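Any value given below was found using the heavy atoms of this structure, including those in side chains, with hydrogens, waters and symmetry copies removed. From a predicted model like this one, the values you see are computed outputs, not experimental measurements.
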Amino acid sequence: QVQLVESGGGLVQPGGSLMLSCAPIGSGFSINDFSWYRQAPGKQRELVASFIRGGTTNYSDSVRGRFTISRAIDRGAAYLQMSDIQPKDTAVYYCNAQVLSVKTATLLGVYWGRGTQVTVSS
């Protein structure tokens with residue numbers, strides 16, 4: 001069973017920056033299409049950004065121009081660079097990704113991480 005883990009969350013002041021990372025635990029995996037979601041207290045999980053077809057990116061209106069989604073193929077990792085973070089960005093951020101076997105180049109499945117908390121407060 002593949003496990004994805006997110007990291008990089010924390011407490012940040014308004015206007016600050018964070019880099020979230022997402023990667024499968026262990027070696028021999030790579031990430032194909034993936035997305036970042038977030039869920040604020042009392043709200044539904046929402047799509048923040050997606051990376052598909054090797055490089056097409058999409059962003060929600062609330063983060064476009066401030067967040068950047070990217071991937072490092074050699075590291076098998078996905079990223080969300082967050083800039084000019086605002087209190088409205090406070091949420092648990094989740095990675096959802098297609099994970100491939102490097103050895104066989106086959107899709108192992110689509111997985112969710114457990115999330116990383118981002119709290120924006122002065």
Treating Ile, Leu, Val, Met, Phe, Trp and Tyr as nodes and any side-chain heavy-atom pair under 4.5 angstrom as an edge, say whether [X] and [Y] lie in one connected cluster.
X   : Y    : value
V2  : V110 : no
V48 : V12  : yes
V92 : Y37  : yes

**Q.** Flag side-chain contact, heavy atom, 4.5 Å: S60 against L47
**A.**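 No. Closest side-chain heavy atoms not under 4.5 Å.
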Nearest non-hydrogen partners of [X] and [Y], listed with the distance:
X    : Y    : value
V102 : S30  : CG2-N, 3.9 Å
L20  : W36  : CB-CH2, 3.7 Å
Y59  : T68  : OH-CA, 3.4 Å
L11  : S121 : CD1-CB, 4.1 Å

Q. Just wondering, are more than 12 heavy atoms of other shown residues or ligands nearer than 6.0 Å to CZ in R64?
A.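 Count over threshold, so yes.
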(Q) Can you tell me if I52 has over 12 outside heavy atoms packed within less than 6.0 Å of its CD1? (A)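 Yes.
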**Q.** Residues forming a side chain to side chain donor-acceptor pair (under 3.5 Å) with T56, sequence neighbours excluded
**A.**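 With sequence neighbours excluded, T56 shows a side chain to side chain donor-acceptor pair (under 3.5 Å) to no residue whatsoever.
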Q: Please name all residues satisfying side chain to side chain donor-acceptor pair (under 3.5 Å) with T57, sequence neighbours left out, ordered by chain then number.
A: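 Once residues adjacent in sequence are excluded, T57 has no partner under the side chain to side chain donor-acceptor pair (under 3.5 Å) criterion.
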Rounded to the nearest 0.5 Å, how far does [atom2] of [Y] lie from [atom1] of [X]?
X    : Y   : atom1 : atom2 : answer
S7   : M19 : OG    : CE    : 10.5 Å
Y111 : I25 : OH    : CD1   : 12.5 Å
N58  : S35 : CG    : OG    : 8.5 Å
L100 : I31 : CG    : CD1   : 9.0 Å
S17  : F67 : OG    : CZ    : 9.5 Å
T116 : Y94 : OG1   : OH    : 10.0 Å

Q. Do the two ring centres, one from F51 and one from F34, sit under 6.0 Å apart?
A.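 F51 vs F34: aromatic centres under 6.0 Å.
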Let me check something: any side-chain donor-acceptor pairs from residues 76-91 under 3.5 Å, sequence neighbours excluded? List them with distances.
from : atom 1 : to   : atom 2 : distance (Å)
Q81  : NE2    : L18  : O      : 3.4
D84  : OD1    : Q86  : NE2    : 2.8
Q86  : NE2    : D84  : O      : 3.1
D89  : OD1    : R38  : NH1    : 2.9
D89  : OD1    : R66  : NH2    : 3.0
D89  : OD2    : R66  : NH1    : 2.8
D89  : OD2    : R66  : NH2    : 3.4
D89  : OD2    : Q86  : N      : 2.8
T90  : OG1    : P87  : O      : 3.1
T90  : OG1    : V120 : N      : 2.9

Q) Would a distance-only check, ignoring hydrogens and angles, find a side-chain to backbone donor-acceptor pair under 3.5 Å from E6 to C95? A)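 The answer is yes, because a donor-acceptor pair under 3.5 Å joins these two groups.
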